[in-house]
Protein chains: 2
Amino acid sequence: MKLDDAIKKLRRFYRFEKRLPTYEEMSELFGFSSKNASFKLIAKLIEAGILEKGDKGKLLPKNLFAIPHLGTIKAGYPMPAFEAHHDNIDLFRYLYDVQGDIYFLTVSGDSMIDALIGEGDKIIVDPSRTPKNGDIVAAIVDNEWTVKYYYKRNGAVELVPANKNYPVIYPRESLEIGGVIISVIRKYH
Amino acid sequence: MKLDDAIKKLRRFYRFEKRLPTYEEMSELFGFSSKNASFKLIAKLIEAGILEKGDKGKLLPKNLFAIPHLGTIKAGYPMPAFEAHHDNIDLFRYLYDVQGDIYFLTVSGDSMIDALIGEGDKIIVDPSRTPKNGDIVAAIVDNEWTVKYYYKRNGAVELVPANKNYPVIYPRESLEIGGVIISVIRKYH
DNA sequence: ATTGACAGTGAACAGATGTTCACTGTATAT
DNA sequence: ATATACAGTGAACATCTGTTCACTGTCAAT
């Protein structure tokens, strides 16, 4: 059993079960008839830095889901040299480093197009954060939701769209901030 | 112990340990001195659909990380009515439904700005997918990396930038497709 | 041919884990 | 006051789990 194959099988298992298999389950997964074979295989994965043992000796997926980050790619003219500096990004940690309760919204419309937020994009909103000038916020103005840049000048809040075809909103009646946009996620099909 | 507090504590534990705690660990986590108190609490979370028991009776985080999806927000004029249809999106499944090996790239430059991909954005590349017309690809042209729209007309490949200030690339010497962009992730700080 | 490293087998065992049962205190409603 | 539901305690136990040990076969190097 090659390490690469083992890694893929562990990933698949984890994706479905959201946990690592026990050594007995690994034996089934890897096609061993002895738990010990799995035990030895895992020892190698630990040595390779893919897995690790936590506080209480429990197996943890240290780098099992770290997607290789191959570097920076220039989206202008082709990049002179593509240095493959191998960071690894753990998507889970990358996006989930928020303490409080966050939520998703799906964007429709084009008023934030100049901020590179378009139709169908999912935005993650952190309702616990207080908006600073220039933050993008989900706001409830006069009982209606909208996504805009947030600016506070002389005590008055302006909600500025990232599209010249739309007007700046100066909330009159009520303004409630749904939260600050902390992330944008787009998925192509 | 309120269910909401328990959920938050479980999330925190899972974020660090990448697994659910045992009943004994839960007792410590929740401040119980009896495992059974945790057992009963978890039973409620299972009934509430937050957790579930898998094939072999193991505890799984069914919806523990499902971020509430509050609906569609119009980024044009404020939305007339904001129907709170409570989908839940599991970020992990949402972004990780790829079998093969994927990798990240960080974008620099503005040649894909009209495709809403800008400086600093992370793009996820699937090297196993064959590009179709209109897909955004990471390509290696004459030994240099670039991100462009992919088009094949009359057997000739065109790499089209999403920015009028840049020229269309007609690969002469070599063209290698690094992969198809399947996702864009932006994070604000 | 001999050696050694390596991949896997099979059995054994201490300790951890999920689950059940009977019990206690405490708040709330009747 | 009385009953009732509920949150938590404490102990018990069968089973599962990680780990160790001794062993077998196989391949490559000497």
Side-chain angles (χ1 to χ4, degrees), chain A residues 1-66 90 92-93 100-101, chain B residues 1-66 90 92 101:
Chain A
M1 169 73 44
K2 286 175 189 167
L3 284 196
D4 282 354
D5 293 338
I7 290 173
K8 281 179 189 170
K9 286 180 177 175
L10 286 175
R11 278 188 187 150
R12 207 167 305 149
F13 187 98
Y14 199 99
R15 208 173 293 134
F16 280 100
E17 296 285 329
K18 300 253 184 153
R19 62 175 176 88
L20 288 171
T22 65
Y23 287 109
E24 199 165 10
E25 289 169 326
M26 285 179 203
S27 301
E28 201 176 340
L29 194 64
F30 297 148
F32 296 146
S33 63
S34 168
K35 280 198 293 181
N36 186 253
S38 306
F39 187 76
K40 287 178 182 172
L41 188 60
I42 293 302
K44 283 183 192 164
L45 288 176
I46 292 172
E47 199 166 1
I50 311 291
L51 304 176
E52 67 178 333
K53 296 236 168 163
D55 295 341
K56 287 183 147 188
K58 303 250 170 187
L59 213 52
L60 303 181
K62 186 183 184 186
N63 274 313
L64 187 60
F65 288 99
D90 186 328
F92 204 61
R93 290 219 177 111
D101 294 322
Chain B
M1 168 72 47
K2 285 176 188 166
L3 284 195
D4 281 354
D5 293 338
I7 290 173
K8 280 179 191 171
K9 285 180 178 176
L10 286 176
R11 276 188 188 150
R12 206 166 306 149
F13 187 97
Y14 199 100
R15 208 173 294 136
F16 279 100
E17 295 285 329
K18 300 253 186 149
R19 63 175 176 88
L20 288 171
T22 66
Y23 287 109
E24 199 164 9
E25 289 169 326
M26 286 179 201
S27 302
E28 201 175 339
L29 195 64
F30 297 148
F32 295 145
S33 63
S34 168
K35 277 198 295 180
N36 186 252
S38 305
F39 188 76
K40 288 177 182 172
L41 187 60
I42 293 302
K44 284 183 192 163
L45 288 176
I46 292 172
E47 199 166 2
I50 310 292
L51 303 176
E52 68 177 334
K53 295 236 169 164
D55 293 341
K56 287 183 150 188
K58 302 251 172 186
L59 213 52
L60 303 182
K62 186 184 184 187
N63 274 311
L64 187 60
F65 289 99
D90 186 327
F92 204 61
D101 294 322

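Protein chains get the first letters and strands the later ones, always in sequence-line order, with residue 1 at the start of each.
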If you take all heavy atoms of [X] and [Y], which pair is closest and at what distance?
{"X": "Lys62(B)", "Y": "Gly49(B)", "result": "CD-O, 3.6 Å"}
{"X": "Ser27(B)", "Y": "Ser34(B)", "result": "OG-O, 3.3 Å"}
{"X": "Pro21(B)", "Y": "Met26(B)", "result": "O-CE, 3.2 Å"}

query: By a strict heavy-atom criterion of less than 4.0 Å, which residues belonging to residues 21-33 of chain A are in contact with DNA chain C?
result: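 Output list: Phe32(A), Ser33(A).
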- prompt: What parts of residues 34-44 of chain A reach DNA chain C, counting only heavy atoms under 4.0 Å away?
  reply: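 Ser34(A), Asn36(A), Ala37(A), Lys40(A), Lys44(A), in order of number.
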task: Check for a donor-acceptor pair, side chain of Glu28(B) on one end and backbone N or O of Glu25(B) on the other, with a separation under 3.5 Å.
output: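 Flag not set: sc Glu28(B) to bb Glu25(B) has no pair under 3.5 Å.
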Within the structure provided, determine whether [X] and [Y] are in side-chain contact (heavy-atom separation under 4.5 Å).
{"X": "Thr22(A)", "Y": "Lys58(B)", "result": "yes"}
{"X": "Leu10(B)", "Y": "Ile50(B)", "result": "no"}
{"X": "Ile46(B)", "Y": "Leu59(B)", "result": "yes"}
{"X": "Ile42(B)", "Y": "Phe39(B)", "result": "no"}

- prompt: Out of curiosity, Tyr23(A) OH to Ser38(A) OG, how far, rounded to the nearest 0.5 Å?
  reply: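 Output value for this atom pair is 8.5 Å.
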- prompt: At what distance, to the nearest 0.5 angstrom, does CZ of Arg15(A) lie from CZ of Arg11(A)?
  reply: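 These two atoms lie 7.5 Å from each other.
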task: Rounded to 10°, tell me the angle between the two end axes of the helix from dA1(C)-dT30(D) to dT30(C)-dA1(D), each built from five pairs.
output: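 The angle separating the two end axes equals 20°.
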- request: May I have the distance from Lys2(A) (atom NZ) to dC6(C) (atom P), rounded to whole angstrom?
  value: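 Computing the Lys2(A):NZ to dC6(C):P distance gives 18 Å.
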- prompt: Taking NZ from Lys53(B) and P from dT17(C), how many angstroms apart are they, rounded to a whole number?
  reply: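 Atom NZ in Lys53(B) sits about 14 Å away from atom P in dT17(C).
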Using the test side chain to side chain contact (heavy atoms under 4.5 Å, CB included), find all partners of [X] that sit at least two apart in sequence or belong to another chain.
{"X": "Leu3(A)", "value": "Leu41(A), Lys44(A), Leu45(A)"}
{"X": "Lys9(A)", "value": "Met1(A), Leu29(A), Phe30(A)"}
{"X": "Glu17(A)", "value": "Phe13(A), Arg19(A), Asp55(B), Leu60(B)"}

query: Under a criterion of less than 4.0 angstrom to any heavy atom of chain B, what are the 5'-terminal and 3'-terminal contacting nucleotides of DNA chain D?
result: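 Terminal contacting nucleotides, 5' to 3': dA7(D) to dT17(D).
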